[in-house]
Amino acid sequence: MIGTDPRRTQALLDHELAAFARLHPKSRASFSQGQDHYLYGAPSHWMRRWAGGFPLSVQAAHGARLTCVDGIDYVDFCLGDTGGMCGHGHPAIARAVAEQLSRGATLMLPTPDAAWVGEELAGRFGLPYWGFTTSASDANRAVVRMARMVTGREKVLVFNGCYHGSVEEAHVALAEGGGMEMRNGIHANAVDHARVSGVIEFNDVDALEAALAPGDVACVLAEPFMTNYGMITPAPGFLDALREITRRTGTLLVLDETHTFSSGPGGYTGRHGLQPDFFVVGKAVGGGVPVGLYGVSAEVAERMWRVVPKVKPTEVRQSAHGFRRHARRQRAAGGGGARGARRGAHRCGFRTDDRAGRRPAPRARQVIASHGLPRVRGAGRRPRRDDVRAGSTAQRRRRAARPRRRARVAAARLLHEPRRADHALPQHAADVPRDAAGRYGTLSGRARSLLRRAGRVAMTPFRLDGKAALVTGAGRGIGAAIATRLAEAGAQVLLANRSMGVAQELAASLALRGLAARAAPFDATEDGCRAAVGATLQAFGRLDILVHNAGGCPWSPLETLTGDVLEQTLALNLKSCFWLTQAALPALRRDGGRIVITSSVTGPRVAMRDATHYAAAKAGVNGFIRSAALELAPHRITVNGVEPGFVAKDRGRLSEPARKERLVRYIPLGTAGAPDDIAFAMLYFASDQARWVTGQTIVVDGGMTLPESGRVMEETWDDA
């Protein structure tokens, strides 16, 4: 091996650095001046890493050539780190951008070109639906978010040595001794990369299989061939294996073609007929203008619409976010030069003090007064004598606020006064009577209008807005009441029931009230439990609340109890608790969650003839609740249960009037329970107000289990 003298190498480097500084005095001066106002001397921190000790300051660039401020021409092999791979300053792009700037740049509205652009993108890259961002990094972040929404998973898998812009999950690398570490010493930025990131070597099919096997990866974020550590081409068959394994494991595939876009008119994807779920491209597609695009497959688009449905803008409020345009906006705001920012601001039509902002106020007051309209809150000045009508401004404000205060007091009373025979608590705002003035004080007409308009929303202090819930056994009785109350509290609810038709009817009735509910089949098997959780994630993109209400048993004396009946009872009441919890854990861990289970007083509190198997299962449920609560507490998941007593039903043995009447005699509160009595206890456990309650069960039985004697159970069942 030929040796290298380090001293000779350093001498050559010093010579070249001196020559570079001598040839570029203006670039050097520009970088020195930048130290005054840029964190690292230039607009972007990585520009300080230029090999010559300071970056070139560019005067102009056209095609594949650029000229620095020192008058030296260069052939540009970098092309803006591929952002300008189609050439700098293309006349057609410059004209189009200049024309659009003259018509307005940040409009928050589409232009006539938008439809054509969407059609062209779909035809060129093969994915039917598209979205715009301001950079490829933003596009990657957008598709990662969507992948998590539709899969209910958190983790993002990348390849060692990758580059996907400022995507936090991609800042990882394989450590020399195994495991994962931050790439190039990048700060973790408080991101738990062990939870949200995974990394393997490119072209390693076995590692890919192992990484995706647990089913916790939302998407694989990849370049079709890697460009950050030189060009690493895919091994024969690797991209086919990548697509097959991701589909088999329910993992979405993102192909980031920010650097590989120049492979052909449709990028590497179009040239080789690849079929990603998401496709990302950066500013090169806009001729260097800061822009990012992401394409979405038809299948993923359908799943997204189930999570975030298309809505009528007049019915649903949505947030709006501005868009940034960097190079051209710097030029426009600078007034044509780097100096004189104040002069530039004046040229763009802005003033640098607040006099112009104050000037319209007096004229606005004149216009308002000319139409006989009252002024509101003085419009920024002290009230004058001619503004005062029937008392001072403060007095008029106090009078105007009285109806609002009365409405708040009325709402508080409606929510919190105890229930009496002559004062039933309204379950909906629409139930507030128009003649309520005698009891609650005078409500303004607007307050009554708002209450009635919000009639579809239950007046409950427990709100579940933005949360998704799965309720098993949700067709009738207690399950239907639980699902209804969760939906009224703002949750999106999946009704999982053995009888699909009954669940669909309830979901339809809730939908007519403007509540979010879907129906799905349910059976108490391991596969059935996984399917119910999967249906919830597919419908809403998340799962925050698991309510396991399905239960019951075929009655049988202990002597003649068969193994099949015992297994069926244990599966429906106890084993399903394990299966549902295991299936829901990946989704519940994301933000913490609630698990609420319907137990029973039979087993944990009392015994019942011909129900030994049922009592044993429900006693096991209470043990499961306590143990699972302890184990899942570190994940901010609470586990609680409700033990219902006798709840009146419209079918079955307990619905017979004679038997119901006999049983009610032994309930201290003197009445059978209603499904809502159980549902409201469940609603509490599902709410944020129960965040510090876990491992507990509430007995809701009207006091039935308080007496020492078991006479009630004997009399109920000895003639059954």
Side-chain angles (χ1 to χ4, degrees), residues 31 34-35 38-55 78-83 133-148 153-204 207-208 211-212 216-232 251-261 278 280-284 290-292 294 324 326 590:
F31 185 63
Q35 304 297 325
Y38 290 112
L39 192 60
Y40 290 102
S44 292
H45 66 90
W46 44 262
M47 292 178 179
R48 74 186 192 280
R49 299 174 181 169
W50 192 264
F54 54 87
C78 180
L79 292 172
D81 196 17
T82 73
T133 63
T134 55
S135 69
S137 291
D138 286 340
N140 279 322
R141 281 191 288 265
V143 299
V144 166
R145 182 186 297 269
M146 286 189 282
R148 286 171 169 155
R153 304 172 181 179
E154 290 189 336
K155 190 168 287 186
V156 177
L157 182 68
V158 297
F159 292 109
N160 192 33
C162 69
Y163 178 76
H164 299 287
S166 56
V167 176
E168 296 286 355
E169 294 84 350
H171 291 160
V172 292
L174 290 173
E176 288 187 9
M180 184 173 66
E181 63 181 6
M182 299 306 297
R183 188 183 74 242
N184 296 334
I186 295 176
H187 189 274
N189 197 25
V191 175
D192 185 0
H193 287 87
R195 181 170 60 88
V196 300
S197 299
V199 58
I200 61 173
E201 290 289 1
F202 193 63
N203 285 327
D204 191 336
L208 180 64
L212 300 188
D216 59 350
V217 176
C219 67
V220 175
L221 177 58
E223 293 179 291
F225 66 85
M226 297 188 66
T227 62
N228 195 43
Y229 285 3
M231 298 294 182
I232 305 175
T251 308
L252 300 181
L253 176 59
V254 183
L255 290 185
D256 179 1
E257 290 231 36
T258 303
H259 290 173
T260 60
F261 165 62
F278 295 103
V280 171
V281 68
K283 60 183 71 67
V291 65
Y294 60 86
R324 297 165 292 171
H326 296 280
R590 183 171 61 181

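In this text the structure is predicted, and so the values were computed from the model without any measurement.
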Novice: Of all the heavy-atom pairs spanning Leu157 and Ala211, show the shortest one and how long it is.
Specialist: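 The answer is CD2-CB, 3.9 Å.
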Novice: Can you name the salt bridge (charged side-chain N to carboxylate O under 4.0 Å, His left out) partners of Arg590, sequence neighbours left out?
Specialist: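 Applying salt bridge (charged side-chain N to carboxylate O under 4.0 Å, His left out) to Arg590 gives none.
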Novice: Tell me, which pairs form a ring pair (Phe, Tyr, Trp, His ring centres under 6.0 Å) where one or both residues lie in residues 171-197, sequence neighbours left out?
Specialist: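 Not a single pair qualifies under ring pair (Phe, Tyr, Trp, His ring centres under 6.0 Å).
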Novice: To check you understand the geometry: which heavy-atom pair defines the closest contact between Val156 and Arg148, and what is its length?
Specialist: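 Taking every non-hydrogen atom into account, CG2-NH2, 3.7 Å.
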Novice: For Glu257, enumerate each residue passing the salt bridge (charged side-chain N to carboxylate O under 4.0 Å, His left out) test, keeping only those at least two apart in sequence or located in another chain.
Specialist: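 Result, salt bridge (charged side-chain N to carboxylate O under 4.0 Å, His left out) vs Glu257: none returned.
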Novice: Identify the heavy atoms of Phe31 and Gly53 that sit nearest to each other, and give their distance.
Specialist: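 Between these two residues, the closest heavy atoms are CE2-O, 4.2 Å.
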Novice: With no hydrogens and no angle check, is any side-chain donor or acceptor of Arg153 less than 3.5 Å from a backbone partner on Cys219?
Specialist: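 It does not hold such a pair.
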Novice: If you draw a 6.0 Å radius around OH in Tyr38, do more than 12 non-hydrogen atoms from other residues or ligands fall strictly inside?
Specialist: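 Not more than 12 within 6.0 Å, no.
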Novice: Which atom names give the shortest non-hydrogen contact between Gln35 and Gly41, and what distance separates them?
Specialist: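 Gln35 and Gly41 have their closest heavy atoms at NE2-CA, 3.4 Å.
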Novice: Starting at CZ of Arg141, measure out to OG of Ser135 and round the result to the nearest 0.5 Å.
Specialist: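 So the gap between those two atoms works out to 6.0 Å.
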Novice: To check you understand the geometry: which heavy-atom pair defines the closest contact between Val196 and Val191, and what is its length?
Specialist: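 Closest approach of Val196 to Val191: CG2-CG1, 3.8 Å.
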Novice: Just to verify, what does Lys155 make a salt bridge (charged side-chain N to carboxylate O under 4.0 Å, His left out) with, not counting sequence neighbours?
Specialist: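 Scan of Lys155 (salt bridge (charged side-chain N to carboxylate O under 4.0 Å, His left out), adjacent residues dropped) gives Asp216.
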Novice: Do the side chains of Val254 and Leu252 get nearer than 4.5 Å, heavy atoms only?
Specialist: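 They are not in contact (no side-chain heavy atoms under 4.5 Å apart), so the answer is no.
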Novice: Any donor-acceptor pair under 3.5 Å linking the side chain of Ser166 with the backbone of Ser137?
Specialist: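 The answer is no, because no donor-acceptor pair under 3.5 Å joins these two groups.
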Novice: Is it the case that the side chain of Ser44 and the backbone of Met47 share a donor-acceptor pair, with hydrogens and angles ignored and the cut-off at 3.5 Å?
Specialist: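 Pair absent, no side-chain N/O of Ser44 close to backbone of Met47.
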Novice: side-chain contact (heavy atoms from CB on, under 4.5 Å) with Thr258: which residues, sequence neighbours excluded?
Specialist: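 With neighbours one apart ignored, the set is Ala136, Asp256, Val280.
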Novice: What distance separates Phe278 CZ from Leu221 CG, expressed to the nearest 0.5 Å?
Specialist: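 Phe278 atom CZ to Leu221 atom CG measures 11.0 Å (nearest 0.5 Å).
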Novice: Start with the C-alpha distance between Val158 and Ser197, add both sets of side-chain angles, then the distance that settles side-chain contact (heavy atoms from CB on, under 4.5 Å), and finish with yes or no.
Specialist: CA-CA 8 Å; Val158 297; Ser197 299; over 6 Å; no
Novice: Hey, could you give me the NZ/OG1 distance between Lys283 and Thr134, rounded to the nearest 0.5 Å?
Specialist: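 Lys283 atom NZ to Thr134 atom OG1 measures 9.5 Å (nearest 0.5 Å).
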Novice: Should Thr260 and Leu255 count as side-chain neighbours, where that means a heavy-atom distance under 4.5 Å?
Specialist: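 No, their side chains stay 4.5 Å or more apart.
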Novice: Can you measure from CG (Asp192) to CG (Asn189) and round to the nearest 0.5 angstrom?
Specialist: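 That separation rounds to 12.5 Å.
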Novice: Looking at residues at least two apart in the chain, or sitting in another chain, which of them share a salt bridge (charged side-chain N to carboxylate O under 4.0 Å, His left out) with Glu168?
Specialist: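 If we apply the salt bridge (charged side-chain N to carboxylate O under 4.0 Å, His left out) test to Glu168, skipping adjacent residues, there are no hits.
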Novice: Going by the angle between their ring planes, with limits at 30° and 60°, are Phe159 and Phe202 parallel, tilted or perpendicular?
Specialist: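 Phe159 vs Phe202 ring planes: perpendicular.
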